[in-house]
Structure formats: structure tokens, C-alpha cells
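Reviewing the structure listed below.
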Amino acid sequence: MRKVRTGGGWPAVFYTFRKAREAGGLLKFWRAMRSRNACKTCALGMGGQKGGMVNEAGHFPEVCKKSMQAMAADMQPAIPADFWERYGVRELRAMSPKQLEHCGRLVEPARYSAAEGRYRPVSWDEALDRVADQLAATAPDETFWYFSGRSSNEAGFLLQLFARLYGTNNVNNCSYYCHQASGVGLTSVTGSGTATIELEDLDKADLVFLIGGNPASNHPRLMTTLHELRRRGGKVIVINPLVETGLVNFSIPSRPLSLLFGSKIASLYVQPHIGGDLALLTQIAKRVVERGFHDQAFLENHTTGWSELKAALDAASADELMMKSGVRHDDVEEMVEMFALSKNTVFAWTMGVTHHAHGVENVQAIGNLALLRGMVGKPGAGLMPIRGHSNVQGIGSVGVTPKLKQAIFDGLESRFAVKLPTTAGRDTMECMEGAFSGGLSTALCLGGNLYGSNPDSTYAAKALQTLRQITYLSTTLNTGHAHGTADETIILPVLARDEEPSATTQESMFNYVRLSDGGPRRLEGPRSEVEVIADLAERVAKRLASQPSLNALDWPVMRDTGRIREAIARVVPGWEKVGDIDRTKEEFQIAGRTFHAPRFATVDGRAQLHTHEPPALKGSGDAELRVMTIRSEGQFNTVVYEDDDLYRGVEGRYVILMHPDDLVRFHLTANDPVRVTGPAGQMHHVRAVAHPAIRAGNAAMYYPEANVLVGRGVDPKSKTPAFKGLVVTLKKER
């Protein structure tokens, strides 16, 4: 297919009308998009009480294909009544992610048994009783509980509380497979694991480093902000092994001149080798210090570790760093000079930084670079991880982590007069390993696609299929329902955010808590997530009447999201205002996370600098190729809405994007079928696509299809898999 010359633009406008038709008409779609609910996709902070298509700063219209894709999916008709008779699990496993997503909305509970090989519709009572029976008969630490970032704070808080009162800390969320390295890295730098800035700070910045990300596809509404920065004379440095169309030029539909003529985004585009980020960041830092552009007073007064960092930078070999990063000295000098001229710099990154075995060190190195010039701790400058799911940050804030923060732990025990377990909980990969070994037997997943988000999909399927029971709370079908099936699998259909009968809250990537009003249900059958969790907890508590902590709560009362918010307000620091947000309608910034003055959330109030030894560049052998997994503009995380990639001009997803020089090196011609062998497995008959936009020696393949190749090795500090750090070999196939 033909590659477009700009992101957004008229294709996005036409796509809007197409999605509106799918959803039942333009007016119906408009009303849904304008409702007072937080956006269902990325965490930029759209919607809430300012209304749909409005950002935290009040700008309208702010809308993107991602939000429209999610809304249209939720406005699908119900899965046909005879669907489960026509399709067994074998047929579901033959479907692509897109096909499964477009089967329709789930409206009735369904039960799968391995013996029968298919799902059958069951009543709500039967489904919940089966889950409750299994939990009551299972030792708590033989269970695990997985949470998606698309759920509400109320559902996340209630389910993690249920799990802990039941007796386990095997509580984790999808961030372990995306931005956990950001949280761990930032905590080690500033004492807080989230962005140090507010959305308005971007309006004061004159330089943005955009590292390892493609917001033109994955967070399109950020492009308006970058457009405005460029329009007022600011600059954008993009660091990415792949030149992305939308980061070079983006046509913003809500800006007439931009729509007609396009907007230049990147002032400078630098292409390191995959895995060369840490070396490149160290290169830049070294030259900043050597040229005297660092802020000596800031470093001495507001940081710890300056002398150690300076010694390490002095000792580092510029030529060795260049070999590891693949970036020429001239490009480094240009970045350093742009940084030196900046008065307010924001450093932004996504999973191209975190999806490595040294992801935490990458984040720390970004922190080093910002701190060298005092670009943290003042308005208009700071650190900004660009998070994915719309409430992944909120889910973590309200306690969905294996180990609770001490303040939350103490608050829960005091508030509810209970004793919480103190055993070490398992992170997401440890839960998969426990399932595979047989040490864990039962799982409950609040949204998401645990199978689809895992590395080594063959291992993930076997691990989940070893379980005795797994339960999914879902709105639509995904590959997890097909491949991640236990001896018994229960699907519980739940309402989308804008269908909830009561208000819920979400937290943006800028630490801003939004209130979603909910709305009328579109289909009969699905239930509120909070209602399902409270009902299930009540059934388990009755079966385990001898457990005082589990029976300390009045679970039917906890169906009221207002009561849950009252509890959150009392036990989660910084969330006091959420207790009466449904009455005041006052959305708020969480205190203690935004640093507009150089006083940080560390014990001594200083930011911490770190020293690193950049790893050797992998995949430099004659028969090797470095590969990163990528997403298209037609998908959101594991959910695939469109099989073709408009911005890259690629048809289909079972492909490997290679530089033409690498096609020659591997004795291939464009569109040859190849076998790709990675750390965890192989893919056969993959189409080799000539893609000059990627740095030679590197290649890209689509996530989640390529997960079968990705090994299970993780960053030791964050437990995040290296989805961007594969080394593969290729062989032409007939």
C-alpha cells in the first residue's frame, strides 16, 4: 500500500466518518464522544468533567483515532446468540486479534471446559458461584490477580482489597510489561514514580526530547502540543531507530492550516541502533559537561552523586560510546547545542526506552541528562513518561502492586480493622512462571489481555492452560480468551466506562484525577465491574466465614463507588479530594508529584544522579539482526482495529520491516517469505518488507504477533521484558 506523507490529515477525517457509520451514525457517535467520561485509550488526560474531546487544559476539540476506535468497538452490537455453538476454541485460535475484537460485545457469561473444547453461555449465578467455589477451595497464595489499566480506580482498589483480605499479595498490573521501568527509574531519581510536570508545563517548554516513542500513532493528541511548541519557535529532538512519518510531519485536523499544509514536528531526527539508548544518553551527558553547559550550582545544591557522575563521564570513551549507540559525534554535538540553548526542556519517552534489559538504567540516564542543566524542579521543564492505558497510573496509585506502600498498608488495616498478608507478592512474570510450574492454579483478570501482552507466547499459552481456572472480566473477545484457557475458563461481560451506572475516576499521566459520569447501558447483560467484584467477594466471604478479615467488610455496600472513593480518600496519600468528587465535581492534581521547585520526594529532598556502564551492542554478527516490536496506528496495545499500517505503508502484520541494505545482506528480495528465529521461538513465512526508514542493522515487527520470538528475560530492577531488544536470524523459505 502507498505510504502517506504526513500523519493525521484528511485520512483521519475520513476515518472519523467511517467509525461513525460503524457506530450507528454521526450524531450518535458525536454524543458518545462528547460525554463526560475519561478517554478509554491513552493516559494523556482527555475528557472527564470538561467533556469528551477536551484535554486537561480545556482545549477543544482534542480527539484522535485511538479514542474513536475504542468507542466504536464498545458500540458494536452483541455477539450473536448462536456464536458459541458455531465457534469452538479451535476456531477462535484461528482468528486474528482484529477478527476477535470485531466479533461483537460480550453480553452473557460464558464457561469453557478443556474437556468440551468450547465455551457455553451460563447464568450470572452459575458463573460467579463457580469462581467463588474455586477461590474458596484454593490456598490464597496459589492464586494471582491481574489488572488492566482500562479499569477504574474504584474497581482496581476494590479488587486488590478483596485479594489481600482473601489472603494473597499476588496482585499486579499491566505496567510490568510496559512502563514499570519508568516508575522504578523515576522513583530512584526524584522519589516519585510518575511525571514531574503538568500538561501546562509543555506550553512553556522550548525543547522536547522525544525518545523511543511514536506518539503520532500511539498518543496522537500529543501531536497538537508538539505542533504548538514548534509554532512558537520551540524545537523537538526525536530519537528513534525508525523514522516515523507522523514525527516528521503531522497534519492536525483541528488546525485548518495544519490540515491543509501539514506541520513539521522533528527539528532533528536521530537514529541510534536498537539497544543503543544508554550509550547515546551518556554521550550527550558527557559532552554537556565537557563543554561546560551543566548547571554547577544546581548540581551541588539539589542533587546527590554529582562527583561520581562527573568522574564516570570523564572516564567514558567517546569512541566506545559511539560504537555502542551508532550515533555520530556530529549528531551528538547538534543535540548538545540545542539543549544548551534551551531554557525549558521536557524529556519524554515511551517503551522504546523501557522495553530493554536495562530499562531502568535508561530512565535514570534521562534523569541524569535533565538534572545536569537543572531541567527538573521548575515550571516548563521536567520528566514525562508517555504512558499507555488511560488509567494504568491510577491502578498503581490505589494499590495494585505486589507490595503496598507502607502508608496504604497501614491505612487499610486501620480503616477496615483488618490484618493484611505480609508475604512477598509475585510480579506478572513470576505469576506466569508460577502458573507454568503448577505452583499457581487460579487466576482472575480485570480486563486486558494477559496472554497477548506476554513475551514468549508459546510459553504464555502453556502457562495459562496449566491453570485449573482463570476468570476474565471483559467487554470484547481477544486472543487471551482463545489461547489463555485453563481447565475451566469463565468470561464475565462487563460494562464500558461510559456505560457504568455510577461515576468512576481515572488518573492521567500528568497525575490528574478525572471523574467519569458513566451513562446508559447499550446492551442488556453486562454488569458494572464494581458490582461483579463486590458480588464475587460476598460469595467467597460466605464460603470462608471463618476468615475474619474477609468478612470484616460489608461487601454489598461496596457496590457503591462513592463508598469506595471515601476509603481511597482515607488511605491513599494525596487522594483526599476524591472522597467527595462526585459531589464537588472538582477534578484535581495529586499532591507531591509535580516538581516546580527543586525540592524532591526523596529523604533528603535532593534528586539522585546515577552512573552506568552502557552495555555492548548486541546483534552485530553477520547473520544477526536487531529487532524491536512496534505497534501500528491501527491498534492500541494488544487490540488490533486495522490490519494495515497506513503511516508506514505496510499491508498486513505478519511482516518484518528491513532496511534495503539488510535485504541484500541476507540475500533477500522485497516480499520474500522468511523464517525468523528469535530467543524464544520461530515465525514462518514472514514477509520481508523493504523499509528504508529503519536504521540498517535493525528491523521491526508487529506486537503482539512477534511476541512468540521474545524471550522471558526481564530487567532485574523493574521485571519488564525486553520487547525492544531481540536479536534474530533469518532464513529464506519457499
Side-chain angles (χ1 to χ4, degrees), residues 36-50 55-56 70 145-161 171-180 182-183 186-187 192-195 198-199 219 384-401 404-405 407-408 411-412 446-448 473 494 496-498 500 502-518 528-530 533 561-562 564-579 581-582 586-594 637:
R36 288 198 297 269
N37 291 283
C39 175
K40 301 171 185 177
T41 49
C42 82
L44 267 179
M46 314 301 297
Q49 292 306 291
K50 291 182 173 66
N55 69 11
E56 293 171 12
W145 310 62
Y146 174 80
F147 296 64
S148 161
R150 191 172 171 182
S151 297
S152 66
N153 293 316
E154 291 77 6
F157 179 85
L158 187 63
L159 186 57
Q160 68 86 21
L161 180 59
V171 170
N172 53 74
N173 66 65
C174 57
S175 71
Y176 278 93
Y177 287 168
C178 57
H179 264 291
Q180 185 70 7
S182 293
L186 283 167
T187 299
S192 175
T194 64
E198 300 175 2
L199 177 62
H219 305 80
M384 187 181 85
I386 306 175
R387 296 188 185 270
H389 262 311
S390 57
N391 197 40
V392 65
Q393 191 163 298
I395 287 287
S397 292
V398 299
V400 182
T401 55
L404 284 171
K405 292 181 178 178
I408 300 178
L412 287 173
L446 179 61
L473 279 67
V494 292
R497 181 175 300 162
D498 59 335
E500 291 275 2
S502 302
T504 61
T505 58
Q506 294 77 35
E507 179 190 339
S508 81
M509 58 181 266
F510 294 105
N511 308 300
Y512 188 77
V513 176
R514 301 159 294 180
L515 178 68
S516 291
D517 285 352
S528 158
E529 289 178 337
V530 165
I533 295 164
T561 58
I564 300 172
R565 285 191 291 275
E566 289 174 7
I568 294 173
R570 296 206 177 193
V571 304
V572 181
W575 286 67
E576 293 78 11
K577 290 183 179 180
V578 84
I581 193 173
D582 51 344
E586 181 187 349
E587 298 172 319
F588 62 92
Q589 201 82 26
I590 301 169
R593 298 183 181 178
T594 302
N637 292 336

If I take atom [atom1] from residue [X] and atom [atom2] from residue [Y], how far apart are they, to the nearest 0.5 angstrom?
X	Y	atom1	atom2	value
I568	L158	CD1	CG	9.0 Å
C174	Q180	SG	CD	10.5 Å
D582	T505	CG	OG1	10.0 Å
L159	S151	CG	OG	8.5 Å
Q160	I395	CD	CD1	9.5 Å
N153	R514	CG	CZ	9.0 Å

Sequence-distant partners of S148, side chain to side chain contact (heavy atoms under 4.5 Å, CB included), two or more places apart: R150, H389

Residues passing the side chain to side chain contact (heavy atoms under 4.5 Å, CB included) test with R593, sequence neighbours excluded, are S192, T194, Q393, S397, E507, N511, W575, I590

Going by heavy atoms in the side chains, are [X] and [Y] under 4.5 Å from each other?
X	Y	answer
F588	V578	yes
S528	I533	no
Y512	E198	no
S502	V530	no
M509	M384	yes
R36	S516	no
F147	V171	yes
Y146	N172	yes

For [X] and [Y], work out which heavy atoms get closest and say how close.
X	Y	result
K40	A496	NZ-CB, 4.1 Å
P573	I408	CD-CG1, 4.1 Å
V392	S175	CG2-CB, 3.9 Å
L515	I581	CD2-O, 3.6 Å

Set out, in order, the CA-CA distance, both residues' side-chain angles and the distance that settles side chain to side chain contact (heavy atoms under 4.5 Å, CB included) for V513 and E587, then state yes or no. CA-CA 6 Å; V513 176; E587 298 172 319; 5.9 Å; no

Please enumerate all residues that pass salt bridge (Lys or Arg N to Asp or Glu O under 4.0 Å) together with R497, with sequence neighbours excluded. none

Side-chain (D517) to main-chain (N37) donor-acceptor, under 3.5 angstrom: no

Counting distance only, does the side-chain N/O of T561 pair as donor-acceptor with the main-chain N or O of A503 below 3.5 Å? yes

Check: Q506/T504 side-chain N/O donor and acceptor closer than 3.5 Å: yes

